Structure formats: structure tokens, C-alpha cells
Amino acid sequence: MKIIIVGASHGGVEAVDTLVEDQAYDQIDWFEKSDLASTTGWNPRKVEEYMAELQQKGVIIHENTEVQQLDTKQKQIKVQEQDQVNSYQFDKLILSQGSHPFRLPIDGDDLAGVEYLENHSDTNKLRKTAQDDTVKNVVVVGSGYIGMMAVDLLSSVGKHVTLVDVIKRPLGTYLDPELTDRLEKVMQDRHVDIELGQQVSSFSGHGHVEQVNTDQNSFDADLVIVSVGTRPNTHWLGDQLDLTPNGSLKVNEYLQTSDPDIFAIGDLVPVNYTPSHSELNIALGSNARRTARTAVRNLFEQHAPLMAVQGSSGLDILGYNFASTGLNTTSSVKMNIPVRSVYVEQAVSMRSEMVKPDLTVQFKLFYNPETLEVVGGQIMSPDNQTANINALSIAIYKHLTIMELAEMDFFFQPNLTNVWNVMNVAGRKAMKQENIK
């Protein structure tokens, strides 16, 4: 049994590791357009040891090779390797090529100094920028995770940063105003210009970017960082596999594409989203890993469908740790799903209430007003309280109600927690809002 895996980010690594665990193969060919060190972000020694171990187990690693064509009838791929194109046959194929940054279709997009960031590892590029004294004015376009990480890093070293986005709040698709207001306060203290609710219309300059122009203003820029979403890397497939209207690969619950011997994972595919009971593209490393394991489990016999997800994610930024899962005000409106919410703020623990009363945790809970089921939540604190969101993710998946959340058994230890977890408190507040005793 010859298996080919294309792509070496989260999904590719998980697929290889899972296959090696099961040892149900004769040979694995693993292709990566770049190299494992830069794709995984691991240190060179770890990569070297990892590759040596895999090679001993029948995994042939092809770095710096670009898969250019798929032929489903011949069950082969064509690959650009150095200065020649080679063909490789497969019995089973797993596609894990991720996504690429969406490029703004505007004038000046090709100017030097306009850089597109796609993922967390791309922010390593910014560390060099942070040390470049010639870069003084930076405009960040996009206030999602990657854009905000750029704002945090560059503003912390004294760069003059301007944040521009069409939405009206930073991280507005993840967090509600009670939480983002605090992040905005930190940015203001760092003299970040927050220019939201504006549409970028062009980049201008003579060979190198000098200004970012919006429908309302213009901003000086020595460097522009753009992170406004991604698109699946499916353009090379032609008509070999069925695609969705947004370019994702159509897959069934076992991650099989329209060809039953070809599976797709990670950013290439939509996943079932519990709160809306619909399929969404949710580009997270956790989803890439989860889909990879599911694909491998179903590679030879389809018996273990992919579980639905809640879109749980988190970040440490601007001195705060936050996490969210499920629906929020923005997404519920977009999906036309009715929700109600309660907001709670309390001391991190009984001890902190005495010695550090300002050390608080903020929590916002969302629930369905008809079924009273928990459908979303957000948590933020200077202290790392983000692990709480994992329990809330399970609550959403299992359709727990606000009454059950209010009485749920969470551990108590005075030096570590409060008598009642913030989720208990939020559940009780929601019950009071619904006049439930």
C-alpha cells in the first residue's frame, strides 16, 4: 500500500504520525513545497531527529518540491523537483496543502514593503522588522489574530503602528466589546492609531510603499502588513476533484473527496460547526490535526465520522490571555441565530481577591433563548484562565443548558480558584435573566 501526503504543516504532520503509529502501509511519500524546519517552526535539531526516525520507518520526505498536477484516473501526481518534473503513483492520497493569504485586489499591491501574513509562523518575519531602525511607520491591515499579533509586537518596540480594518472593533469577529475595549485601551497607551470601519482602496509609492489609502484617509507607511483572511490551496487541481463555491474541497463525513481514494484535511475542507449545524471553513491548527486523524482512521475502512467542532481558539496579546468558542454577537447576527448573553467579571481566585483585587477574569456567556442551551463564550484575563474555554466547548457540544452550567462541578482551591467558577456564576446570572429559580 503506497500512500502520498501533500503538505507538512499541522495536518500533514498529524497524518504522518498517525500512519506511522498504525504501520498500515508499505511506503509513504511526503511532499512539502518548502522545508520541514520553516513549515513546522521546529528547531533544526528536532527536525533532523524527526526526519531520521521517519526515514527508518519507510517515510520518504520530499522537501522543496511542488506538487503541480493530479491525475485521478492514473492515480498519480506530477511534482516539480529541482529542475525536472517527476510522476508518483499512489494507492491513497491525503491532501494537506492548507491555504494562502487573500490578496487585496487594489492598486499598489505589488509594491515593495507590502507583505502578506498567513499564519503564526509568518510573524517570525516581523521580529527582523522590529529590529530595523529604518522602519518607523507600519500600517497593519486586518484586525484578526495575525494582524493583532503584528500590532502587539511592533508597537511594543516603539514603532508607530496604524491599525486599519473594515470592521469596527479589533478582533471583532472573536470578542465582544466588553473584552475588546480593554485591548483598545492598551493600544492607545502604546500610541497605536486605531482606524477601523475603513476600506483600504490602494497602496501608493515609488517602487516602495509610502502610503496606505482608504475610503476616508491616507496613512504614511514604511511597511504594510496585510492579513485579511485566506483561501484554500486548491487552484492546481483543475477539474479533478469537486469543489465548493468558495474553492474548498467537497468531502464527506470521513474526509473523502469525490474520489474515494483521495482525502483532504485542514484548511482545504469545511467542518461541521455545532452551534449552527452547518459546514464552515475554520482555519485552525486544531482542526487540521483533528481532520488528519479522522482521515487516517478512515483511509481503508470508513467507520469513524469527523466530530463537529465549536471553533475554539485563543491568544495571548497586549498583556491579556483570551479564548473563545462557539457563537458571539457578531457571528450570531451573521448566521441569523437568536442568542442572549450575560457578562461576568470576578477576581481570579479567593487569594487574588485579597492581595491583588485588580486581577480579574472577564467572561461572557451566550445561550439560545428558546432552548436555554449554551452556544458560545469568551474569557479574558491578564492571568491565564483560557483553559476554562475547553469546558465550555464541551458544554456546547453536549447541548448543556444554562441551568446545568450553573451547577456544574468545577474544582475549588482557595489559592487557585474562587468558590464558584466564573462559568457557574454566568450560568446563574443567565438563569436570573430568564427568571428561572
Side-chain angles (χ1 to χ4, degrees), residues 10-11 14 120 144-145 171 173-176 178-179 266 271-277 280 282-294 304-317 320-329 331-332 339 341-349 352 359-368 372-413 415-430:
H10 284 289
E14 191 70 29
H120 190 287
Y145 276 16
L171 294 165
T173 58
Y174 301 96
L175 302 177
D176 272 46
E178 293 92 338
L179 282 68
V271 292
N272 189 13
Y273 184 58
T274 302
S276 64
H277 306 289
L280 294 179
I282 303 177
L284 292 170
S286 54
N287 285 338
R289 296 272 180 171
R290 188 176 296 105
T291 53
R293 290 192 68 85
T294 299
L306 179 70
M307 289 175 57
V309 304
Q310 291 67 251
S312 308
S313 64
L315 193 65
D316 61 313
I317 193 170
Y320 286 92
N321 299 277
F322 76 81
S324 65
T325 188
L327 293 173
N328 56 41
T329 299
S331 61
S332 63
V339 299
S341 64
V342 291
Y343 173 75
V344 173
E345 189 172 324
Q346 69 176 31
V348 167
S349 68
S352 70
L359 187 59
T360 61
V361 55
Q362 300 170 265
F363 182 73
K364 191 164 186 179
L365 175 71
F366 296 84
Y367 63 94
N368 185 311
L372 302 181
E373 291 179 355
V374 175
V375 295
Q378 306 162 14
I379 193 165
M380 189 169 83
S381 176
D383 188 63
N384 189 0
Q385 297 287 309
T386 54
N388 283 286
I389 216 69
N390 293 323
L392 200 71
S393 177
I394 296 172
I396 297 169
Y397 183 79
K398 300 300 290 185
H399 305 285
L400 265 63
T401 64
I402 56 174
M403 295 82 77
E404 292 171 309
L405 187 67
E407 300 301 325
M408 190 57 59
D409 175 25
F410 298 113
F411 91 94
F412 164 59
Q413 210 289 330
N415 287 335
L416 301 176
T417 71
N418 276 294
V419 175
W420 292 104
N421 183 280
V422 69
M423 290 182 285
N424 295 132
V425 178
R428 290 179 182 178
K429 189 171 183 178

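Because only heavy atoms are used, hydrogens play no part in the values below, and waters and symmetry mates are left out as well, while side chains stay in. Computed from a predicted structure; not experimentally measured.
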(request) Could you verify whether a donor N or O on one side chain and an acceptor N or O on the other, from Ser312 and Ser393, lie under 3.5 Å apart? (result) yes
(message) Any donor-acceptor pair under 3.5 Å linking the side-chain atoms of Gln310 with those of Thr325?
(response) no
(message) Between Gln378 and Asp176 (side chain of the first, backbone of the second, donor and acceptor by atom type, cut-off under 3.5 Å), is there such a pair?
(response) yes
(request) Measure the acute angle between the ring planes of His277 and His399, then classify it against the limits of 30° and 60° as parallel, tilted or perpendicular. (result) parallel
(message) Using the rule given for side-chain contact (heavy atoms from CB on, under 4.5 Å), can you reason through Tyr367 versus Glu373, listing the C-alpha separation, both sets of side-chain angles and the distance that settles it, and then say yes or no?
(response) CA-CA 5 Å; Tyr367 63 94; Glu373 291 179 355; over 6 Å; no
(message) Checking Asn384 now: which residues fulfil side-chain contact (heavy atoms from CB on, under 4.5 Å) with it, not counting sequence neighbours?
(response) Asn321, Thr386
(request) List for me each residue that meets side-chain contact (heavy atoms from CB on, under 4.5 Å) alongside Asn368, sequence neighbours excluded, and say none if there are none. (result) Glu370, Thr371, Val375
(message) I'd like to know whether Leu392 forms a side-chain contact (heavy atoms from CB on, under 4.5 Å) with Met423, so could you lay out the CA-CA distance, the side-chain angles of the two residues, the decisive distance to 0.1 Å, and finally the verdict.
(response) CA-CA 8 Å; Leu392 200 71; Met423 290 182 285; 4.0 Å; yes
(request) Return the set of residues passing side chain to side chain donor-acceptor pair (under 3.5 Å) with Ser332 (not counting sequence neighbours), or none when no residue passes. (result) none
(request) Please identify each residue that fulfils side chain to side chain donor-acceptor pair (under 3.5 Å) with Asn390, with sequence neighbours left out. (result) none
Less than 4.5 Å apart, side chain to side chain, heavy atoms only: is that true for [X] and [Y]?
X      : Y      : value
Ile396 : Pro275 : yes
Thr360 : Val348 : no
Val374 : Leu365 : yes
Met380 : Val361 : no
Asn272 : Val309 : no
Leu284 : Ser313 : yes
Trp420 : Gln346 : no

(message) Evaluate Asn421 against Asn424 for side-chain contact (heavy atoms from CB on, under 4.5 Å), listing each step before the verdict.
(response) CA-CA 5 Å; Asn421 183 280; Asn424 295 132; 3.4 Å; yes
(message) Going by the rule salt bridge (Lys or Arg N to Asp or Glu O under 4.0 Å), which residues pair with Arg290 if we only count those two or more places apart in sequence or in a different chain?
(response) none
(message) Working to the nearest 0.5 angstrom, can you tell me the gap between Phe366 CZ and Leu327 CG?
(response) 8.5 Å
(message) So, taking the atom named OG in Ser286 and the one named CD in Glu14, what distance separates them when rounded to the nearest 0.5 Å?
(response) 11.0 Å
What pair of heavy atoms forms the shortest contact from [X] to [Y], and how long is it?
X      : Y      : value
Tyr174 : Gly144 : CE1-CA, 4.4 Å
Ser324 : Leu175 : CB-CD2, 4.4 Å
Leu179 : Ile379 : CD2-C, 4.1 Å

(request) Please say which of Gln362, Lys364, Lys429 ends up in a side chain to side chain donor-acceptor pair (under 3.5 Å) with Tyr343. (result) Gln362
(request) Any chance you could lay out the side-chain contact (heavy atoms from CB on, under 4.5 Å) test for Gln385 and Phe363, step after step, and finish with the verdict? (result) CA-CA 10 Å; Gln385 297 287 309; Phe363 182 73; over 6 Å; no
List the atom pairs, donor and acceptor, that lie under 3.5 Å between side-chain atoms in residues 403-413 and the rest of the protein, sequence neighbours left out.
from, atom 1, to, atom 2, distance (Å)
Glu404, OE1, Thr401, N, 2.9
Glu404, OE1, Thr401, OG1, 3.4
Gln413, OE1, Asn415, N, 2.9

(message) Suppose we call two aromatic rings close when their centres sit under 6.0 Å apart. Are Tyr145 and Phe322 close by that rule?
(response) yes
